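Shown next, in structure tokens, is the structure this report addresses.
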Amino acid sequence: MLHQVLEQQLRIAVTAVLPDADTASLLVRPCPDPKFGDYQSNALMSLAKTRKMNPRQLATDVVAKLDVSQWCEKVEIAGAGFLNFRVKPDAITQTLQSAFRGEHLFYTKANQPRTIVIDFSSPNVAKPMHVGHIRSTGIGDSLQRVLRLLGHHVVTDNHIGDWGTQFGKLVVGWKELLDRATLESDPIGEMERLYKLVNAQCDADPARLELAKQELVKLQAGDPDNLAIWKEMIRLSQVQFDTIYGRLGVKFDHTLGESFYNPWLGNAVADLLARGIARESEGAVGVFSDGSMPPKEDPFLVNRDGEWVADPALVRKSDGGFNYMTTDLATIEHRLKTWSPDEIIYVVDDRQAPHFRKLFLTFARWQADAAKRVTLRHVGFGKILGDDGKPFKTRSGDTVKLGDLLDEAVERALKVVVEKNPDMTDAQQREIARVIGIGGVKYADLLPNRQSDYVFNWDKMLALTGNTAPYLQYAYARIRSIFRKAQDAGDWQSAISSIQLNAPEELGLARHLLNFGLALEAVGDECRPNFLCNYLYELSGHFARFYEACPVLKAEGAERVTRLLLCELTSRVLKQGLEALGIEVLEQM
Ligand code: ARG
């Protein structure tokens, strides 16, 4: 892409001036204000600073060696040493043409593809998936799509919660209180009912609690009856998960639940103890602060009433059971052995940030060499709130089930669609409503900065105007309708060598198309799909201004071809961009 070509040339020029300079950080990015140019680099200023050079002098020397005349007008030095590049319309035209021929879609694959494991969604067995799961599932899915587009080797792993103390209570409920008929019709509801019932009994009656503990011990020891019940609970839960993932269009390469790691937990703890990384405390085993950082930053400490006290990472309970932490340690080890990733990304609620800080630090102490070869990264996110600013709930105060939420989204979208397209068949209306409804929910979740909480708002997310999925989906369909109306459907395509960008709106749109790859890279680098949402929304804005100012089908000759080409490429980028967010488009809406 153009910015990469310019970066390449800039690196050559800098090396000519300063042969030993580190050129990796020499970036060329879109100019924030088009008044000054299309692209800009501020890299020479920091380079001059580290070398105690005069930045304007360095810029002047570099520009003297910089050969970009094939792509740009004369490079300008601005301010303290910015370089401003103004791209020649010819260079833009050529990029559009090569994109049209399918040589690229304004992005290139990474030169050095990385292997990246993404741990996302990860719901718990025997519980309904709720509205919160849209966050990890949607963000994680979008990241895996973007990173794959950029040529990275991605492994997705759904780390489902299929092990833990709750199964003792669930087994008791299953054996004594199971309603087979309900289990058939609503398995998750029935398991949830059993758990709540037995949990309440355990709170009231120590004998029940003791029974649940015994059932858990039996399960852990491999008792065939309890194992069979547990497996059936996982199977039923997986059916539920798969239904939801099917509706969301989300797939995983692997679903290695927590239970998969059981065989390694004992050894892991023994090893942590032997190496002196973990120690016993009040019958349990935990990893404590090693005092290597200030208390404020140390996740192994908490402040209670003005005093710093230990908040260890527990890896074995006093009853001998293992913890969430233990499983996660064994999981890292397994992932490193199996896939040798450069990076492991955990898309998990920000409330688990302390867990992940402890996990990463513990792993680094435990397997220092392996830890150096991998970047462990917690990609956190905030909460979904209701109108009242409290966590989003149903009217009756229950958590909102994800399946119900998706149903409601599609129903609400259907009303809009029926109003807009009364003449369509019922099946057509339903299909559009599905695509808009699901897309609307997903997009609304990807649009805010992932770490901020956001207020769930049906009207906003399904609106046909504003920064929403339906708006972008309609923009796409509208462009496709231009091609249905164009009588010379294919003819213009043979004339693309004649295109010419003249109107400022044509140029504005074309320049924005060229930045698609930068948007994708920004998403990949920072794990922030919202960058892509905003890019696509701006693209639609550019398109709307272009379409307003530049008639397409009424134009003739080279002008018509140029405009049809811009329409075609805009629709390709919209489609690819929405797809990278996990959002479908339709040719006709
Ligand atoms: N099942 C967990 C939960 O619902 C999330 C798991 C996230 N992944 C991980 N490796 N800890 O809270």
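Atoms within a ligand are numbered from 1 in the order they appear, just like the ligands themselves. Given the structure is predicted, the values throughout are model-derived calculations rather than measurements.
Of the heavy atoms in Phe120, none comes closer than 4.0 Å to ligand 1.
Neither side chain, Asp342 nor His152, offers a donor N or O lying under 3.5 Å from an acceptor on the other.
Ion pairing between Arg304 and Glu307 fails under the 4.0 Å rule for side-chain N and carboxylate O. Salt-bridge formation is not detected for the pair Glu192/Lys127: no Lys NZ or Arg NE/NH1/NH2 atom is positioned less than 4.0 Å from an Asp or Glu carboxylate oxygen. Contact check on Glu210 versus Lys213 returns no salt bridge, with no Lys/Arg side-chain nitrogen under 4.0 Å from an Asp/Glu carboxylate oxygen. No salt bridge links Lys415 with Glu411; every basic N to acidic carboxylate O contact stays at or beyond 4.0 Å. Between Arg335 and Asp157 a salt bridge is recorded (basic side-chain N to carboxylate O distance below 4.0 Å).
Closest protein heavy atom to atom 8 (N) of ligand 1: Asp119 OD1, 3.2 Å. Remark: minimum distance from atom 12 (O) of ligand 1 to any protein heavy atom is reached at Gln352 NE2, 2.8 Å.
For ligand 1 and Tyr346, the ligand atoms under 4.0 Å from any heavy atom of the residue are 10 (N). Near Tyr324, with a cut-off below 4.0 Å to any heavy atom, the atoms of ligand 1 are 2 (C), 5 (C), 6 (C), 7 (C), 9 (C), 11 (N). Near Asp328, with a cut-off below 4.0 Å to any heavy atom, the atoms of ligand 1 are 9 (C), 10 (N), 11 (N). The ligand atoms of ligand 1 that sit less than 4.0 angstrom from a heavy atom of His159 are 8 (N), 9 (C), 10 (N). The contact set between ligand 1 and Phe356, taken as ligand atoms under 4.0 Å from a residue heavy atom, comprises 11 (N).
The shortest heavy-atom distance from Asn124 to ligand 1 is under 4.0 Å.
The side-chain tip of Arg279 points at the ring of Phe288 from less than 6.0 angstrom away and within 45° of straight on.
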